[in-house]
Amino acid sequence: MTELVFRDDAYTRSCTARVVAVDERGIRLDRTVFYPTGGGQPGDSGVLRLADGSVVAIADTVKGSGDEVVHVPAAGAALPAPGAEVTAEIDWERRHRLMRMHTCLHLLCAVVPGAVTGGSVGDGRGRLDFDVPGASLDKEAISAGLNKLIAEGHAVAPRWIDDAELEAHPELVRTMSVKPPTGAGKVRLLEIAGVDLQPCGGTHVRNTAEIGPVEIGKIENKGRQNRRINVAFIA
Ligand SMILES: [Zn+2]
C-alpha cells in the first residue's frame, strides 16, 4: 500500500519517499503526492529526484492494486533502484488547473438537476454528462449559476463518514459512473459548504473562488436522456 499524501492535503507539491518496486508498469513508492488516474481526473506528471542529482521524468500516474500508486516513467528514462530515496515532485501548475476544474464540476452538479452519468476533468476544460430526460438546458442560466457559486467563495473540504451512514443517505451519491473510495468501513466525501456533498476521492481547491471565471461551451445530446455539458476556464 502506498501512503496517499494528496488525499490528506492536495496542496502538497513534493514529498520524500523510498522506491518499493520497479517493474514494466512503473515505479512504486512507499508514499506519494502523485494522484493516479481515477474518478474522471487524469494522473499527475512530474519528476522523481534522486540523491545523486539525477531526475526521473514521470509521464503519468495510474492505480495498481488497492491503494497502490504506479508512477509511469517517461520513455527512455533511467529507472531508480528499489530502496533508493527520492523526492517525488508533481507538475504543480498542471495539477492546480486540474484541481480547479475538478472542483468546478462539483459545482456544475449543484447547478444542473439530474443524475450524473459520466464525466471527465481535463487541463483547462472538463465535461459532465447528465441524465436529463427530454429537458432543454439553458446554457446562459447554467453559466450564470455556476459563476455565481464560484464567485461566492464557498469553503471546500473532504470529510469521512462510515459505510452505514452512506447507506442511510443514498442521495449523497450523485455520480453513478464513479465509485467512491471505500475501505475499512469509511467513505470519503467532498463537501462544498451549503452547496454540494458527495463521495469523491479526487483533488480539489480549498475555496470555490480559486476556480476563477468559467464559460459553458457546447451542450451536446449523447443518447436519449444524456446531455453533455462542456465547461472551460476563461483564459
Ligand atoms: Zn471531487
Side-chain angles (χ1 to χ4, degrees), residues 4-13 32-44 60-63 67 69 90-92 94-131 142 145-147 149-150 152-163 165-166 169-183 186-212 214 216 228-233:
L4 309 177
V5 176
F6 58 84
R7 188 153 283 173
D8 293 326
D9 183 3
Y11 285 82
T12 307
R13 304 176 189 197
T32 191
V33 289
F34 281 71
Y35 180 82
T37 304
Q41 182 178 331
D44 281 320
D60 194 10
T61 311
V62 296
K63 283 179 181 162
D67 266 352
V69 173
I90 55 172
D91 176 347
W92 170 251
R94 174 174 178 271
R95 157 70 91 70
H96 189 238
R97 288 192 298 272
L98 295 172
M99 285 161 56
R100 287 164 58 211
M101 181 51 69
H102 187 138
T103 311
C104 176
L105 294 183
H106 279 268
L107 293 181
L108 187 58
C109 284
V111 171
V112 178
V116 175
T117 55
S120 171
V121 179
D123 189 353
R125 59 190 61 252
R127 59 177 168 78
L128 283 180
D129 293 351
F130 291 89
D131 181 0
I142 294 168
L146 187 57
N147 280 296
L149 287 174
I150 290 169
E152 281 170 351
H154 297 274
V156 180
R159 68 178 166 101
W160 293 82
I161 63 170
D162 59 34
D163 289 344
E165 200 179 340
L166 184 65
H169 298 278
E171 72 278 6
L172 291 179
V173 184
R174 292 282 315 271
T175 308
M176 303 309 176
S177 63
V178 177
K179 277 217 157 176
T182 56
K186 293 202 141 211
V187 182
R188 186 182 193 261
L189 301 182
L190 194 276
E191 180 168 38
I192 303 178
V195 178
D196 186 54
L197 177 67
Q198 60 180 294
C200 188
T203 62
H204 312 85
V205 291
R206 295 187 185 110
N207 188 289
T208 62
E210 212 170 309
I211 297 167
V214 298
I216 299 294
R228 173 167 295 175
I229 302 180
N230 293 280
V231 56
F233 295 140

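Remember, it's 1-based here, ligands and their atoms both numbered in the order they're listed. In what follows, every heavy atom counts, from backbone to side chain, and hydrogens, waters and symmetry copies are set aside.
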Checklist entry - For T208 and E152, does a side-chain donor sit closer than 3.5 Å to a side-chain acceptor? => result no
Item to check | D67: partners by side-chain hydrogen bond (donor to acceptor under 3.5 Å, both in side chains), with sequence neighbours left out | outcome: none
Checklist entry - Is the cationic atom of R206 (NZ for Lys, CZ for Arg) positioned less than 6.0 Å from the six-membered ring centroid of Y11 and within 45 degrees of its normal? => result yes
Item to check | Nearest heavy atoms of L98 and G122, plus distance in Å | outcome: CD2-O, 3.4 Å
Item to check | Protein N/O/S atoms closer than 2.8 Å to the Zn ion (ligand 1) | outcome: H102 NE2, H106 NE2, C200 SG, H204 NE2
Next on the checklist: Just to verify, what does R125 make a salt bridge (charged side-chain N to carboxylate O under 4.0 Å, His left out) with, not counting sequence neighbours?
Outcome noted: none
Using a 3.5 Å cut-off and no angle test, enumerate the donor-acceptor pairs between side-chain atoms of residues 109-116 and protein atoms at least two apart in sequence or in another chain.
none

